[in-house]
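Everything numeric here is computed off the predicted structure, so don't read it as measured data. Proteins come first, then strands; the chains are lettered A, B, ... in the order of their sequence lines, and each starts at number 1.
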Amino acid sequence: MPRRIEARKGRILRRIYDRLCEVYGPQHWWPAETPFEVMVGTILVQNTNWANVEKAIQALKDRKCLSLNALRALSENELAGLIRPAGTFRVKARRLRNLLDLIAGWGSVTRMARAPLDVLRRKLLDVNGVGPETADSILLYARQKPVFVVDAYTRRLLDRHGFPEGRAGYDDIQALFMRHCPRDVRVYNEYHALIVRLGKDFKGLDAVRRKEYPLKAAHFFL
DNA sequence: CCCCAGGCGTCCA
DNA sequence: TGGACGCATGGG
């Protein structure tokens, strides 16, 4: 890839970030009280509206179950019942337990946090039910590590701005952003949150099909 | 009634 | 290695 093109990509990505900051302001992510709550949330939010996740989290809090030991004490069926509002609840109950097992292997969230970044990421990805976005969300929002999180909105954003990376794999997209943006937890935290925020304004694949999104986005950003 | 949400694993060519 | 498909509630 010619250096000129690379430099141009960088300018566009940084400009988009600046504009999103101006328009939407700080997003205050992740909406949770503790790192443990963040981790639970990353599983519950998979392919799910955040409003439904809040209901599930609240149900766990009401039952005083939002802790490592309390959650592990529940049977899979009990857990599934509590997180029902989050949807795909049987699958998520199993995945959540898998993640809890990993944390328990370290003994606590605090001890887990001492593991080196690359080791922890691999261990997270080994958990059935934790994919790249979930793993990176945990690293960024629960562990405060400078890791860029890629999601469906990110792909669409790139696609709509003519980046070939819009069709690329997760790691390539992540590398693109991390190559061109400061390796700063604060920046990656805001950037991902802002992309999601923008996505909500241009909701649904339907809008893309009707070509509303590219027109508005081009006008909006450039 | 429709579509879809801050994904992931599995199965199959 | 890439693409369909199931998971499932709740909101628009």
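When rounded to the nearest whole Å, the span between CG of A/N49 and P of C/dG12 equals 8 Å. In this structure, CZ of A/R90 is placed 17 Å from C1' of B/dC8, rounded to the nearest angstrom. In this structure, A/Q58 places its CD atom 17 Å from C1' of C/dG10, rounding to the nearest Å. Atom pair A/I43:CD1 and B/dA5:C1' shows a separation of 16 Å (rounding to whole Å applied). Atom CD of A/E54 and atom P of B/dA5 are 18 Å apart (whole Å).
Two residues are said to be in side-chain contact when any heavy atoms from C-beta on lie closer than 4.5 Å; A/I43 and A/V130 meet this criterion. Counting only heavy atoms from C-beta outward, the side chains of A/R143 and A/V38 never approach each other to under 4.5 Å. Annotation: side chain of A/V45 is in contact with side chain of A/W50 (closest heavy-atom distance under 4.5 Å).
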Does A/I138 form a side chain to side chain contact (heavy atoms under 4.5 Å, CB included) with A/L99? I'd like the steps, not just the answer. CA-CA 11 Å; A/I138 290 172; A/L99 178 58; 4.1 Å; yes
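In this structure, of B/dA5, B/dC8, C/dG10, it is C/dG10 that holds the atom nearest to the side chain of A/N52. Picking from B/dC8, B/dA5, C/dC7 the nucleotide with the shortest atom distance to the side chain of A/Q46 gives B/dC8. Side chain of A/P85, nearest nucleotide from C/dG10, C/dC7, B/dC8: C/dG10.
Relative ring orientation between A/F177 and A/F148 is described as parallel, the plane-to-plane angle staying below 30° on a 0-90° scale split at 30° and 60°.
As judged by a 4.0 angstrom heavy-atom cut-off over every strand, A/V91 is placed among residues touching the sugar-phosphate backbone only. Residue contacts shown for A/K92 are absent, as no nucleic acid heavy atom lies under 4.0 Å away.
For A/Y188 and A/D136, the side-chain atoms include no donor-acceptor pair closer than 3.5 Å.
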Please write out each protein N/O paired with an N/O of nucleotides 9-13 of chain B under 3.5 Å, distance rounded to 0.1 Å.
residue	atom	partner	partner atom	Å
B/dG9	OP1	A/G129	N	3.1
B/dG9	O3'	A/N128	ND2	3.3
B/dT10	OP1	A/N128	ND2	3.4

